[in-house]
Protein chains: 2
Amino acid sequence: MTTLKDLSRHLGLSITQVSRALNGYPDVSKKTRDRVMEAADLLNYTPNIAARNLVSGRSGVVGFISRNLPGIAKNTIFFETVTGLSEAFSARDVQFVLHLTPETDTGDIIPVYDRLFRGGTLDGFVLVDPLPEDLRIQHLLTHKVPFVVHGRGEMEPPYPYVDVDNRGLAYRMASHLTALGHRRIALISGPEPLAFCRFRLAGFRRALAEAGLEENPAHIRHGFMTEALGLTATIQMFGDPARAPTAIVCGNTLVSKGVYQALGSLSLRVPEDVSVIAHDDAILAASPESFAPALTVTRSPLADSWAPLADTLIGAINRKPIGTLQKIIPFDFIERASTAPPPA
Amino acid sequence: MTTLKDLSRHLGLSITQVSRALNGYPDVSKKTRDRVMEAADLLNYTPNIAARNLVSGRSGVVGFISRNLPGIAKNTIFFETVTGLSEAFSARDVQFVLHLTPETDTGDIIPVYDRLFRGGTLDGFVLVDPLPEDLRIQHLLTHKVPFVVHGRGEMEPPYPYVDVDNRGLAYRMASHLTALGHRRIALISGPEPLAFCRFRLAGFRRALAEAGLEENPAHIRHGFMTEALGLTATIQMFGDPARAPTAIVCGNTLVSKGVYQALGSLSLRVPEDVSVIAHDDAILAASPESFAPALTVTRSPLADSWAPLADTLIGAINRKPIGTLQKIIPFDFIERASTAPPPA
DNA sequence: TCCAGTTACCGAAACGTTTCGGATTGCTTC
DNA sequence: GAAGCAATCCGAAACGTTTCGGTAACTGGA
C-alpha cells in the first residue's frame with residue numbers, strides 16, 4: 001500500500017501539498033499537480049478510506065434495514081428496490097448495505113438504526129413504505145440522523161423524501177373517468193395504512209368531489225396489490241349489478257389483470273360495459289400493452305426513483321438545506337383502449 | 001459522541017486501560033473492568049469504527065459483486081443468496097454490500113474487485129457460480145485478497161469454499177437407480193460450464209461405471225434448470241421409445257416438474273414406466289411433497305450455506321489456515337414414491 | 001526602497017483507537 | 001532488606017488522512 005507519505009518522499013514535497021494536489025485545491029501549481037498525479041498513477045496510490053473516514057467523521061456507507069420476512073425472496077418490488085439502490089449508490093462511490101434482521105428477532109427495529117449510526121458504521125438510511133406516523137422517521141429526525149424516505153408520511157416537520165406523485169396520478173385517473181361521464185367509480189388500492197395509499201385516496205376523492213360525486217365506501221378496496229385482490233374485489237362489487245361501478249381505478253397493473261379476469265367471467269366487456277384504468281410502475285410482469293384491450297394508465301417507473309433517492313440521501317448526509325431534498329417524480333398519462341364513456 | 005478519552009477522564013483512568021478493559025484484556029482488575037463497563041453504558045459509548053479500522057487495517061465490510069443483468073429481479077436464487085448472506089453477515093457484525101455494476105458497463109469485472117479492495121474499502125468477497133477455471137479466483141488468489149466461493153472450481157491451488165456435495169448427491173441419485181435395476185438413466189442438469197454441473201456429472205458417471213453401464217450422450221442434457229428444460233428434454237429423449245431412458249435424474253425439482261408434465265402427456269406413469277429423482281435445494285416453489293407421486297430426492301437446502309459462507313470468509317480475512325476454510329454441506333436422501341424398478 | 005497582494009508551499013495538530021514497552025505497587029521469599 | 005514476581009496500570013507511538021494557520025518568494029505599484 002502506497003501512502004501519502006510514500007508519495008511525498010518520492011516527490012520531495014510535503015504530505016500536505018500532495019494531499020491538496022490530489023484533492024484539487026487551488027493553491028497548487030499546475031506543474032506540481034501534474035507531477036503528483038503522475039506519481040500517484042505510477043505508484044498505484046489509492047487513498048486509505050479508513051483514515052479519510054476518521055478525519056471526515058463519515059463512513060461512506062449507507063444502509064437499508066428490513067426484517068427478513070419469509071416471503072421476502074418472492075417480493076419482486078423489494079428486490080427491485082435493493083438492486084436499483086445498490087446500483088445507484090455504487091455509481092456514486094457510496095457503499096450500500098442491506099441489513100436484514102432475522103425473522104425470529106421480533107424486537108423493535110429502531111435500536112438497529114441507532115446501533116449502526118452511532119460509532120459511525122453507517123452515514124444514513126433509506127426508508128421505504130412509510131406509515132403516516134412513522135416511528136422510525138420520528139426517531140431519526142429527533143436524533144438528526146440523515147435519511148431519505150421513498151414515499152411520504154405526514155409532512156410535519158419536513159424531511160427528505162422522493163416520491164411518485166401519488167395524489168396527482170390518482171386524481172388524474174379518476175378525473176379522466178369523470179370527464180368521460182362516469183358517476184360510479186371504484187378504487188382498488190394498496191394496504192390502507194401505507195402513506196402512498198392515503199395520498200392516492202386523497203387524489204381520488206378530490207376528483208370525485210370536483211365532479212360533484214358521492215363517495216361509495218363499498219367501491220373502495222384496500223389490500224396487497226395482487227391479481228387476487230383485483231379479482232375478488234371486482235366480483236364482490238358486482239354482486240349487486242344495479243349498484244356496480246362503471247369504471248375501476250387500479251393501484252397497479254397486476255390488480256387490473258385480476259379485474260379483467262373477473263369482468264371476463266361476468267361476461268362484461270372492457271371498455272363498453274366497464275372502463276378500467278391503472279397506475280403502471282413498470283416493474284411487474286403485467287405490462288399494460290399486453291392487455292386486451294390495452295390498458296389506459298398513468299405511468300411512472302419505480303426505477304426512476306433510485307438515482308434521486310441516492311442523490312437525496314447524499315445531500316442529507318452533507319446537510320444540504322431541506323428544500324433541495326424533496327423530490328416528486330412526475331408521471332405520464334397514456335390513454336389506450338380500456339377507457340370509454342359509460343354505457344347509456 | 002463519547003470517546004475513550006471522555007470515558008478515561010470520567011473514570012480517572014488512562015485511555016489505554018479503558019480500551020483494554022472494554023476489550024477483555026487480562027491485565028485489568030475485576031473492579032475497574034466493572035466500573036469501566038458501567039461508565040461505558042452510562043455515557044452510551046460506542047467505539048468509533050473508522051478509528052478502529054484505521055489501526056486494524058480492516059474495514060469490516062465484505063462485498064458481493066455482480067452485473068445488474070436484465071432478468072436479475074426474477075432470479076429467486078440470486079435474491080435468496082443476497083438476503084441469506086445479508087442476514088448471516090449482519091448477525092456477525094460485518095457489513096455486507098451488494099455491488100451491482102450497470103448492465104451497460106460491459107467492461108471486465110476484475111478491476112472492480114481491485115478498486116474495492118485496494119484502499120481498504122472492502123475486506124473480502126463472496127463469489128458464486130464459479131467456472132472451472134475462474135479468472136476472478138485466479139486473480140484474487142495471486143493478489144492475496146480474502147474470498148470465499150460458493151461451489152467449487154478446479155481445486156489447485158486450494159482456496160476457501162463452501163459447497164453442497166454435488167458429486168456425492170449425483171452419485172447417490174444415480175446409484176439408487178442402478179440398484180433398482182435401471183440400465184438406461186438420463187441426467188438433466190444445469191448450465192454445462194458451471195463447476196457444480198461438472199461435479200454432478202462426475203458423480204453420475206461414477207455410479208454408471210460402477211454398475212457397468214455405458215453412458216448415452218443423448219441422455220445427458222444441460223441448460224438453465226427450468227420447467228421448460230425438463231419438459232423439452234424429456235419429450236426429445238422419448239422420441240425413440242426403444243432407446244428412451246427408464247429413469248431420469250433431475251438437477252432440481254423445477255426440472256422434474258417439467259419432466260412429470262412431459263411424461264403425463266406421453267401417457268407414461270411415474271414410477272411404473274419411468275422413475276424420476278431430483279435434487280431438492282429447498283428454494284424453489286416446486287416442493288417435492290406436492291408432486292403426484294411424491295418425488296424421491298436428495299435434499300440439501302441452499303439456505304444452509306449462508307452461515308458457513310460468512311464464517312469461512314471471516315476466517316479467510318483473519319488468515320486462518322486453509323484447512324479450516326473448506327466445507328462441504330451434507331445432503332439427505334429421501335425416498336418417496338417416484339422411484340421403482342424398471343418395467344419388465 | 002518599501003509595502004501589499006498573490007502564489008506556492010509546509011509543519012503540526014487532529015480524528016479515536018490499538019498496542020508496545022515499560023512503570024508502579026504490593027506481596028512473597030530467601 | 002533485597003530480590004523476584006504477579007497484578008495493574010500508563011505514556012506514547014502508530015495507523016493515513018485532512019486542514020488550520022502560517023511562511024517564503026515573487027510580483028507590481030507607489
Side-chain angles (χ1 to χ4, degrees), chain A residues 1-37 39-40 43-61 93 115-123 317-319, chain B residues 1-37 39-40 43-61 93 117-123 317-319:
Chain A
M1 279 308 310
T2 27
T3 69
L4 281 186
K5 202 197 290 188
D6 299 329
L7 275 186
S8 74
R9 208 166 19 213
H10 181 259
L11 288 161
L13 283 170
S14 73
I15 291 178
T16 305
Q17 204 58 358
V18 177
S19 170
R20 297 175 72 80
L22 290 172
N23 291 315
Y25 279 68
D27 60 349
V28 179
S29 73
K30 172 94 173 63
K31 206 175 81 185
T32 53
R33 185 189 308 285
D34 290 346
R35 278 183 63 221
V36 170
M37 292 297 190
L43 298 190
N44 224 323
Y45 170 76
T46 327
N48 178 308
I49 58 123
R52 181 174 280 179
N53 291 343
L54 179 58
V55 38
S56 72
R58 304 272 171 74
S59 68
V61 187
D93 274 327
R115 188 166 49 78
L116 290 171
F117 182 72
R118 229 174 339 117
T121 309
L122 261 44
D123 290 341
I317 291 170
N318 293 326
R319 308 290 176 190
Chain B
M1 278 307 310
T2 36
T3 69
L4 279 186
K5 202 197 287 188
D6 299 329
L7 275 186
S8 74
R9 208 166 20 213
H10 180 258
L11 288 161
L13 283 170
S14 73
I15 291 178
T16 305
Q17 204 59 358
V18 177
S19 170
R20 297 176 72 80
L22 258 13
N23 291 314
Y25 278 67
D27 61 349
V28 179
S29 71
K30 173 95 172 61
K31 204 175 84 187
T32 54
R33 184 189 309 285
D34 289 346
R35 277 183 64 220
V36 169
M37 291 299 190
L43 299 190
N44 224 323
Y45 170 76
T46 327
N48 179 308
I49 59 122
R52 182 175 279 178
N53 291 342
L54 179 58
V55 39
S56 73
R58 304 271 171 74
S59 69
V61 188
D93 275 327
F117 183 70
R118 231 178 333 122
T121 308
L122 262 44
D123 290 342
I317 290 169
N318 292 326
R319 308 289 176 191

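Quick note on labels: first sequence line is chain A, next is B, and so on, each numbered from 1.
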- request: Looking at every strand, decide which applies to A:Asn48 at a 4.0 Å heavy-atom threshold: base, sugar-phosphate, or nothing.
  value: sugar-phosphate
message: Considering every strand and a 4.0 Å limit on heavy-atom distances, what is the contact class for B:Thr3: base, sugar-phosphate, or nothing?
response: sugar-phosphate
Contacts of B:Arg20 that satisfy salt bridge (Lys or Arg N to Asp or Glu O under 4.0 Å) - sequence neighbours left out: B:Asp27
field: Value rounded to 0.5 Å, distance of CG in A:Asn44 from CE in A:Met1
entry: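 So the CG of A:Asn44 and the CE of A:Met1 are separated by 8.5 Å.
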- request: Figure out the NZ/C1' separation between A:Lys31 and C:dT7, and round it to whole Å.
  value: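 That distance rounds to 14 Å.
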task: Rounded to the nearest 0.5 Å, what's the gap from OG on A:Ser19 to CG on A:Leu13? Could you check?
output: 12.0 Å
message: Test of understanding: with salt bridge (Lys or Arg N to Asp or Glu O under 4.0 Å), list the residues that count as partners of B:Lys30, not counting sequence neighbours.
response: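 Per chain and number, B:Lys30 pairs via salt bridge (Lys or Arg N to Asp or Glu O under 4.0 Å) with B:Asp34.
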- prompt: Quick one: how far along DNA chain D does chain B reach, first to last nucleotide 5' to 3', anything under 4.0 Å to a heavy atom?
  reply: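 Here the contact window of chain B covers D:dT8 to D:dG16.
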- prompt: With A:Asp6, which residues qualify under side chain to side chain contact (heavy atoms under 4.5 Å, CB included), at least two apart?
  reply: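 With sequence neighbours excluded, A:Asp6 shows a side chain to side chain contact (heavy atoms under 4.5 Å, CB included) to A:Thr2, A:Thr3, A:Arg9, given in chain and number order.
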- prompt: Quick one: side-chain hydrogen bond (donor to acceptor under 3.5 Å, both in side chains) partners of B:Ser8, sequence neighbours excluded?
  reply: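 Per chain and number, B:Ser8 pairs via side-chain hydrogen bond (donor to acceptor under 3.5 Å, both in side chains) with no residue.
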message: Just to be sure I understand the rule, does B:Asn53 reach a base, reach only the sugar-phosphate, or reach nothing, if contact means heavy atoms closer than 4.0 Å?
response: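 No contact at all - B:Asn53 keeps every heavy atom at 4.0 Å or more from the nucleic acid.
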- prompt: For A:Ile49, what residues pass the side chain to side chain contact (heavy atoms under 4.5 Å, CB included) criterion, not counting sequence neighbours?
  reply: A:Asn53, B:Thr121
- line: Rounding to the nearest 10°, end axes of the helix from C:dT1-D:dA30 to C:dC30-D:dG1 built from five pairs each make an angle of 70°
task: Looking at every strand, decide which applies to B:Thr32 at a 4.0 Å heavy-atom threshold: base, sugar-phosphate, or nothing.
output: sugar-phosphate
- prompt: Listed in order of residue number, which residues of residues 9-17 of chain B have a non-hydrogen atom at under 4.0 Å from DNA chain C?
  reply: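 Those residues whose heavy atoms fall under 4.0 Å from DNA chain C, taken from residues 9-17 of chain B in numerical order, are B:Ile15, B:Thr16.
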query: Can you name the residues that form a salt bridge (Lys or Arg N to Asp or Glu O under 4.0 Å) with B:Arg33, not counting sequence neighbours?
result: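 Scan of B:Arg33 (salt bridge (Lys or Arg N to Asp or Glu O under 4.0 Å), adjacent residues dropped) gives none.
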message: My understanding is that only residues two or more places apart in sequence, or in another chain, count here; which of them pass side chain to side chain contact (heavy atoms under 4.5 Å, CB included) with A:Thr46?
response: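 For A:Thr46 the side chain to side chain contact (heavy atoms under 4.5 Å, CB included) partners, ignoring immediate neighbours, are B:Arg118.
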message: Can you work out whether A:Arg20 or B:Arg20 has the more 5'-proximal nearest nucleotide on DNA chain D?
response: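 Closer to the 5' end of DNA chain D: B:Arg20.
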task: Please identify each residue that fulfils side-chain hydrogen bond (donor to acceptor under 3.5 Å, both in side chains) with A:Asp123, with sequence neighbours left out.
output: A:Ser59
field: Atom-to-atom span, CG of A:Asp27 to P of C:dG5 - whole angstrom
entry: 19 Å
message: So, using side-chain hydrogen bond (donor to acceptor under 3.5 Å, both in side chains) as the criterion, who are the partners of B:Arg35 when residues are at least two apart?
response: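 By the side-chain hydrogen bond (donor to acceptor under 3.5 Å, both in side chains) rule, B:Arg35 matches no residue at all.
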